[in-house]
Chemist: 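One structure is given below, represented as structure tokens, and several questions about it will come after.
Letters A, B, ... are given to chains in the order of the sequence lines, protein chains preceding strands, and every chain is numbered from 1. Just so it is clear, the model here is predicted, and its values are computed rather than measured.
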2 protein chains.
Amino acid sequence: MTISADPTPSEAAAQAPAPPSRRELNKAATRQAITDAALALLRSKGPGNFTVEDIADAAGISRRTFFNYFGSTDAALASVTHGFLDNAIQQFRLRPADEPVLQSAQEALMALADPMTVAPLAELFTLTQQSSLMSHSELEAWDHCREQITAVARDRASATPGAADELYLRALAGSVISCGKAAMEVWFFRRGADLSPASLAELRQLLIDAMALLGSGFTIGGTPAPSSSASRSS
Amino acid sequence: MTISADPTPSEAAAQAPAPPSRRELNKAATRQAITDAALALLRSKGPGNFTVEDIADAAGISRRTFFNYFGSTDAALASVTHGFLDNAIQQFRLRPADEPVLQSAQEALMALADPMTVAPLAELFTLTQQSSLMSHSELEAWDHCREQITAVARDRASATPGAADELYLRALAGSVISCGKAAMEVWFFRRGADLSPASLAELRQLLIDAMALLGSGFTIGGTPAPSSSASRSS
DNA sequence: TCACCCTTTTACACTACGTGCAAGTTTGCA
DNA sequence: TGCAAACTTGCACGTAGTGTAAAAGGGTGA
């Protein structure tokens, strides 16, 4: 009956590369107008200081139509994160199946540490003042990503000797997500919304370090010693 | 003005061991009545099929008073998780400061794998059908626990040679939480709400295995091989 | 161009959430 | 006993989110 707000434009475009019909163009434009309006209001009024009606008015649609696209203001904002993580999963799936999961994750993340890709996420993070308590939709996006990683790891494991241990898969995927989040949090904390080459290089190094920590079991020399290879605390 | 709903009864009792004044007793009783009513309604009607007013009526209080204690139905139910995790942190803090964090986590979790402690959490999990998308308050409880672990790890690291690397602390704490959650998810998936000695033994083994996976960098023999030491897939 | 059908938007109504406020009630304390 | 603080309650208000039915827009074939 009503529109399902699930598929991201990029997904739909990937599945239907040919026919950008007028209806789909309108929908994509409306969706974009909503997220733009929501981000603009976030910038101007701050988190929690605007309503769905504000967004709808700014986007030039009715309040009811907003809810045809997103379930809440948080969900509209979280589409930014969703887009980024969908991108990450896409890169992750492109890695060779015989590569260790941790390395695949690292390589996939490297491919995303460019200004254009990171900028929206960085802005969203700073505007919501990395309050550590993400919105529900935000957390759902990360959890969705975790499930995707689990699925890929499961596929890879099923192609090898024994059947996959569910604990191994879930613990690994969850840890990868946690470490990725940790690296980004530290980066945002140190650099704010700085997107300079030096700052992005530091982000890459943090992501590499985080995956290395995970791969080494958090024991640098046999005991739980902090301070990894390259990244320096400010 | 209004009552702050932050402190758990156990915390308040721990900070003020002597004076259980009449007011505090009343508040504790009301809080307990609310969570009991919420759990009963969850059992009888299922998640999402009852309102705040239903809970308030069942607990014998006004709707407004409910909101003096909890910000939402989710928050009332999440007090179960909150209690469990507060307990875990308490155990965690009792461990010797020179012990590796991962081992402290393991030991703390061992102390909680008894029927009385796990039962409420297990029931909550099964009643909400481990839908993988926890409520906001539920996730907040886990995140609060993560921050506590980070704090303890930071304290321990600051007592050793170099200053603590923020990335190390955050990645470690996040991974510990993720692996703990993974172990519990797998246990709930395999055993449902089974609280028999054998089932609890399996939970303990899963928790041990999860921490071992983390400590070994998820590489059992040098390559990412699944199937850990003792736990068997059903 | 028109007519027809399907999709999308919109207005309206309704339930429920969460909060400020100003009472009323209970508890602690002198 | 009386006062002050803490706590509960009812009321009102704005907002969230959803069902429904009617209107507007787009696709398609004659």
Chemist: Between C1' on C:dC17 and CG on B:D54, what's the gap in Å once rounded to a whole number?
Modeler: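 Roughly 13 Å, once rounded to whole Å.
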Chemist: Say you draw a straight line from CZ of A:F67 to CD1 of A:I61; how long is it, rounded to the nearest 0.5 Å?
Modeler: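 Between A:F67 CZ and A:I61 CD1, I get 10.0 Å after rounding to 0.5 Å.
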Chemist: Output the single nucleotide from D:dG17, C:dT9, C:dT19 whose closest atom is nearest the side chain of A:T65.
Modeler: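 So the side chain of A:T65 is nearest to C:dT9.
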Chemist: For A:L25 and C:dT8, what is the distance between atoms CG and P respectively, to the nearest whole Å?
Modeler: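 Going from CG in A:L25 over to P in C:dT8 covers 13 Å.
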Chemist: For C:dG18, does the base pair up with any side-chain atom of B:R64 as donor and acceptor (N or O, under 3.5 Å, distance only)?
Modeler: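 A donor-acceptor contact between them is absent.
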Chemist: Out of curiosity, A:L139 CG to B:E140 CD, how far, rounded to the nearest 0.5 Å?
Modeler: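 Result: 9.0 Å between the selected atoms.
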Chemist: Rounded to the nearest 0.5 Å, how far does OH of B:Y69 lie from NZ of B:K27?
Modeler: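 B:K27 atom NZ to B:Y69 atom OH measures 5.5 Å (nearest 0.5 Å).
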Chemist: Does A:R190 come within less than 4.0 Å of B:E166, counting only side-chain N to carboxylate O?
Modeler: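 Salt bridge between A:R190 and B:E166, a charged N being under 4.0 Å from a carboxylate O: no.
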Chemist: To the nearest 0.5 Å, what is the distance between NE2 (B:H82) and CG (B:L121)?
Modeler: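 Interatomic distance, B:H82 NE2 to B:L121 CG, rounded to 0.5 Å: 12.5 Å.
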Chemist: Take atom NZ of A:K45 and atom P of D:dT15, then tell me their distance rounded to the nearest Å.
Modeler: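 Rounded to the whole Å, the gap is 11 Å.
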Chemist: Tell me whether the side-chain N/O atoms of B:Y69 come closer than 4.0 Å to OP1 or OP2 in D:dC7.
Modeler: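 For D:dC7, OP1/OP2 do not have a side-chain N/O of B:Y69 under 4.0 Å.
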Chemist: May I have the distance from A:N68 (atom CG) to D:dA21 (atom C1'), rounded to whole angstrom?
Modeler: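 Going from A:N68 (CG) to D:dA21 (C1'), I get 14 Å.
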Chemist: Rounded off to whole Å, could you give me the CD1-to-C1' distance for the B:I61 and C:dT25 pair?
Modeler: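 Rounded to whole Å, this separation is 16 Å.
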Chemist: What is the distance from CZ of B:R63 to C1' of D:dC13, rounded to the nearest Å?
Modeler: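 Computing the B:R63:CZ to D:dC13:C1' distance gives 11 Å.
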Chemist: Could you tell me whether the phosphate oxygens of D:dC7, OP1 or OP2, come under 4.0 Å of any side-chain nitrogen or oxygen in B:N26?
Modeler: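 B:N26 to D:dC7 OP1/OP2: no side-chain N or O under 4.0 Å.
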Chemist: Counting the atoms with a prime plus P, OP1 and OP2 as sugar-phosphate, which does B:R23 contact under 4.0 Å by heavy atoms, base, sugar-phosphate, or nothing?
Modeler: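 Base: the residue B:R23, judged by heavy atoms under 4.0 Å, touches a nucleobase.
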Chemist: Please report the distance, rounded to the nearest Å, between CD in B:E53 and P in D:dG10.
Modeler: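 Computing the B:E53:CD to D:dG10:P distance gives 10 Å.
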Chemist: OP1, OP2 of C:dT27 versus side-chain N and O of B:S21: anything below 4.0 Å?
Modeler: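 Result: no.
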Chemist: In whole angstroms, how far is the P atom of D:dA6 from the CD atom of B:E24?
Modeler: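 So the two atoms are 12 Å apart, to the nearest Å.
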Chemist: Report yes if a side-chain nitrogen or oxygen of B:S62 is closer than 4.0 Å to either non-bridging phosphate oxygen (OP1 or OP2) of D:dT9; otherwise report no.
Modeler: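 It does, given that an N or O in the side chain of B:S62 lies less than 4.0 Å from OP1 or OP2 of D:dT9.
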Chemist: Categorize A:T51 for me: base, sugar-phosphate, or nothing, with a 4.0 angstrom heavy-atom threshold over every strand shown.
Modeler: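 Sugar-phosphate, no base atom in range.
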